[in-house]
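A short write-up of the structure that comes next.
In what follows, every heavy atom counts, from backbone to side chain, and hydrogens, waters and symmetry copies are set aside. Chain A is the first sequence line, chain B the second, and so forth, proteins listed ahead of strands; every chain is numbered from 1.
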Amino acid sequence: MTVKFRAPRGTKDILPDDIAEWRLVEETFRQWCTRYGYREIRTPTFEDMGLFERTVGETSDIVQKQMFAVMPYGSRHPIGEEERWILRPEGTAPVARALLEHGLLQQFPIVKVFYIAPIFRYERPQAGRLRQHHQCGVEAIGSSSPLLDVEVIALGFDFLTSVGADGFVINLNSIGCLNENCRPRYRQALIAYLQSHEQRLCEDCQRRLYTNPLRVLDCKEESCQTIVKDAPMSVDFLCDECREHFDAVRKGLDELGIAYELNGRLVRGLDYYTRTVFEFVHPKLGAQSTVLGGGRYDGLIEELGGNPTPGVGFGCGIERVLLVREANAQPKPKDAIVDVFIAVAADAAKDAALKLLYELRRAGIRTECDYLDRSLKAQMRYADKLGARFVLILGDEELRENVVTVRDMQKSEQWKEPSDKIASSLMALVTNSS
RNA sequence: GCGGGCGUAGCUCAGACGGUAAGAGCGUCAGGCUGUGGCCCUGAAGGUCGCGGGUUCGAAUCCCGCCGCUCGCCCCA
């Protein structure tokens, strides 16, 4: 069969059989966030383009070549300059925008929120990389305490560990703040060093050298790697406050027994990051190995017009969590589709079956019946496929005796139950067996 | 944007130096058991062999183009 339409490139349908695992991941995430005192927030799927230009950065790949534009379509809608809408390419800026817009940062000294949302980036799809993927993430805004960095990392650690995605390595770095004697000083030192090797840098990096020199650090080109190996590291140029902050983050993680690796080349591709940056990478994941990434963004709120307010957070790719679970050989959760199936063995019993069907559903029991007028054998097979624990059989015999035959599919036992008591006794059976 | 691999039934895949038949397993449906699931057995439905063109007496098989999927570069979750 040739289907007329397929899901757009880089998108995936999440089918009924997949849902149990998605729910497991999402609910585990919600549970950990709640334990840590984070509240859920939901923001629109599209936002003003300026929001991302301002925060993610004009020179970032996301802004330069990965955004999906949203615009009214059709002859009645000429393209307006003001309507520059973009499908959300990352989670932090929209949340910051919403908190500012509704004054939540005035109502609480510290605002801690989490989100689960689809993210859109126009990229070439490959293993672990989609054009629409889903991220769960947290943002903690209002304190520059290193213990908040520790909390966010610990939350990511607890979530991934308990959801069956363990085996990751936490990469940690500090890229300093914007004070003159911190990142700017490092930036200069880095540029000076790289300039002395400019001829041997790859084409991209020769350009990055002036637009975004830190990005040269995580270039994968071999020639660049060898140069970067001896490049100055940001941790050696931190100002006193940043140095102190970073030491405290490390101490806190040590205290909690959360292992990490210092990685001086970790810089991340979004402009709003300051100080702490981290990535949870998984060795079983292939080329796209980051499952969770984030850091501190002390300048973000101010950039969006708020009072200077520090913050820290992470984003975690749900599809990649699922890939890790698979690599870790975690079993896929499977739910029975219904508890009870009503099988009709004689046309005369159809009315009684109809009433019983709705009586059970309204009593809170997941109940299904046959809509294809199939043989009792076929109905039994179908009941089995649906995972029904009990099958109720209604036929001439049952009508005559005013009973219902109840079959326990697991125990292969069956008995007769008075019609008027069937709902209550099934209720008891279903709650006991689940 | 640039490379590599692959497109045969709903799914997983056989079949390929061009030639006697479009196949298997799973799944679906029906029957064996005319009121009873899982196991087993029998049968059935389901395919323009991604699309278009070319070579040839003859193409799922060879060639070209396109489309799609996939993996990698890049970038990131």
(request) Looking at every strand, decide which applies to A:Glu397 at a 4.0 Å heavy-atom threshold: base, sugar-phosphate, or nothing. (result) base
(message) Both A:Lys65 and A:Asp408 contact RNA chain B. Taking the nearest nucleotide for each, which residue is further toward the 5' end?
(response) A:Asp408
(request) Find the distance A:Leu266:CG to B:A77:C1' and express it as a whole number of Å. (result) 14 Å
(request) Identify whether NZ of Lys or CZ of Arg in A:Arg183 sits under 6.0 Å from the centre of the six-membered ring of A:Phe237 and within 45° of that ring's axis. (result) no
(request) Just call it for A:Glu398: base, sugar-phosphate, or nothing, with non-hydrogen atoms closer than 4.0 Å on any strand. (result) base
(request) Round to the nearest Å and state the distance from A:Met67 atom CE to B:G1 atom P. (result) 17 Å
(message) What is the distance, to the nearest angstrom, from the CD atom on A:Gln379 to the P atom on B:C33?
(response) 20 Å
(message) Over all strands shown, is A:Leu292 touching base, sugar-phosphate only, or nothing at heavy-atom distances under 4.0 angstrom?
(response) sugar-phosphate
(message) What's the closest nucleotide to the side chain of A:Met380 if the choices are B:U36, B:G38, B:A77?
(response) B:U36
(request) For A:Leu130, report the nucleic acid contact type (base, sugar-phosphate, nothing); a contact means any heavy atom under 4.0 Å. (result) base
(request) Answer with yes or no whether the side chains of A:Glu398 and A:Thr405 bring together a donor and an acceptor at under 3.5 Å. (result) yes
(request) Find the distance A:Phe278:CZ to B:C76:P and express it as a whole number of Å. (result) 16 Å
(message) Once you apply a heavy-atom cut-off of 4.0 Å, does A:Ile62 come out as touching a base, just sugar-phosphate, or nothing?
(response) nothing
(message) Any donor-acceptor pair, under 3.5 Å, between the side chain of A:Arg320 and the base of B:C76, if you only look at N and O atoms?
(response) yes
(request) Respond yes when some side-chain nitrogen or oxygen of A:Lys377 is under 4.0 Å from OP1 or OP2 of B:G37, and no when none is. (result) yes
(message) Under 4.0 Å, heavy atoms only, any strand: does A:Gly137 hit a base, just the sugar-phosphate, or nothing?
(response) nothing
(request) For A:Lys12, answer base if it contacts any base atom (sugar-phosphate contacts may also be present), sugar-phosphate if it contacts only those atoms, and nothing otherwise; contact means non-hydrogen atoms under 4.0 Å. (result) sugar-phosphate
(message) Distance check, C1' atoms only: B:C40 and B:A45, in whole angstrom units.
(response) 22 Å
(request) Round to the nearest Å and state the distance from A:Leu285 atom CG to B:C71 atom P. (result) 12 Å
(request) Select one nucleotide: of B:C29, B:A77, B:G35, the one nearest the side-chain heavy atoms of A:Arg374. (result) B:C29
(request) Scan A:Ala127 against the nucleic acid and name what it touches under 4.0 Å (heavy atoms): base, sugar-phosphate only, or nothing. (result) sugar-phosphate
(message) Please report the distance separating the P of B:C69 from the corresponding atom of B:G23, rounded so that it comes out in whole Å.
(response) 31 Å
(message) Pairing donors with acceptors under 3.5 angstrom, does anything connect the side chains of A:Arg275 and A:Ser144?
(response) no
(message) By nearest heavy atom, map A:His134 and A:Arg400 onto RNA chain B; which one lands nearer the 5' end?
(response) A:Arg400
(request) Could you tell me which nucleotide pairs with B:G65 by Watson-Crick or G-U wobble geometry, both distances under 3.5 Å, or answer none if nothing does? (result) B:C51
(request) Ignoring the backbone of A:Met409, work out which of B:C69, B:G37, B:A77 is nearest its side chain. (result) B:G37
(request) May I have the distance from A:Leu386 (atom CG) to B:U36 (atom P), rounded to whole angstrom? (result) 19 Å
(message) Under 4.0 Å from OP1 or OP2 of B:G35: is there any side-chain N or O of A:Arg407 that close?
(response) no
(request) Using the C1' atom on both, measure B:A60 against B:G15 and round to a whole Å. (result) 9 Å
(request) Take atom CG of A:Asp271 and atom P of B:C76, then tell me their distance rounded to the nearest Å. (result) 10 Å
(message) Say we look at B:G3 and B:C74: how far apart would their P atoms be, to the nearest angstrom?
(response) 16 Å
(message) So if I take every side-chain heavy atom of A:Glu123 and compare against B:A77, B:G68, B:C33, which nucleotide ends up nearest?
(response) B:A77
(request) Report the base-pairing partner of B:G58 (Watson-Crick or G-U wobble, both distances below 3.5 angstrom), or none. (result) none
(request) Before accepting this row, confirm whether a basic side-chain N of the pair A:Glu151/A:Lys112 lies closer than 4.0 Å to the acidic partner's carboxylate O. (result) yes
(request) Using whole Å, report how far NZ of A:Lys416 lies from C1' of B:U36. (result) 13 Å
(message) So, under a plain 3.5 Å distance rule, would you say the side chain of A:Gln126 forms a donor-acceptor pair with the base of B:C76?
(response) no
(message) Is the phosphate of B:U28 approached by A:Lys385 (side-chain N or O, under 4.0 Å from OP1 or OP2)?
(response) yes
(message) Using Watson-Crick or G-U wobble geometry with both distances under 3.5 Å, which nucleotide pairs with B:C40?
(response) B:G32
(request) Tell me which nucleotide among B:U36, B:A77, B:G38 gets nearest to the side chain of A:Arg381. (result) B:G38
(request) Tell me the partner of B:G3, counting only Watson-Crick (N1-N3 plus N6-O4 or O6-N4) or G-U wobble (N1-O2 and O6-N3) with both under 3.5 Å; none if nothing fits. (result) B:C71
(request) May I ask you to say whether A:Asp373 pairs ionically with A:Lys350, meaning some side-chain N is under 4.0 Å from a carboxylate O? (result) yes
(message) Please report the distance separating the P of B:U12 from the corresponding atom of B:G27, rounded so that it comes out in whole Å.
(response) 15 Å
(request) Answer with yes or no whether A:Gln414 presents, from its side chain, a donor or acceptor under 3.5 Å of a partner atom in the base of B:G35. (result) no
(message) Give me the distance, rounded to whole Å, that separates B:G52 from B:G43 when you measure between the P atoms they each carry.
(response) 35 Å
(request) Please determine if A:Arg97 and A:Glu101 form a salt bridge, counting it only when a charged side-chain N lies under 4.0 Å from a carboxylate O. (result) yes
(request) Answer with yes or no whether A:Arg129 presents, from its side chain, a donor or acceptor under 3.5 Å of a partner atom in the base of B:C74. (result) yes
(request) Give a yes or no on whether a salt bridge exists between A:Arg361 and A:Glu368, defined as a side-chain N under 4.0 angstrom from a carboxylate O. (result) yes
(message) Side chain of A:Asp384 only, heavy atoms from C-beta on: which candidate in B:G37, B:U70, B:G35 is closest?
(response) B:G37
(request) For A:Glu279 and A:Thr290, test the side chains for any donor-to-acceptor distance below 3.5 angstrom and give the result as yes or no. (result) yes
(message) For the P atoms, the ones on B:A24 and on B:G4, what distance do you get once it is rounded to whole angstrom?
(response) 37 Å
(message) Applying the Watson-Crick and G-U wobble criteria at under 3.5 Å, what pairs with B:C17? Answer none if nothing qualifies.
(response) none
(request) Before accepting this row, confirm whether a basic side-chain N of the pair A:Arg30/A:Glu27 lies closer than 4.0 Å to the acidic partner's carboxylate O. (result) yes
(request) Remember a base hit wins even if backbone is also touched, and classify A:Ser412 as base, sugar-phosphate or nothing at under 4.0 Å, heavy atoms. (result) base
(message) Between B:G18 and B:A59, how many Å separate the two C1' atoms, rounded to a whole number?
(response) 6 Å
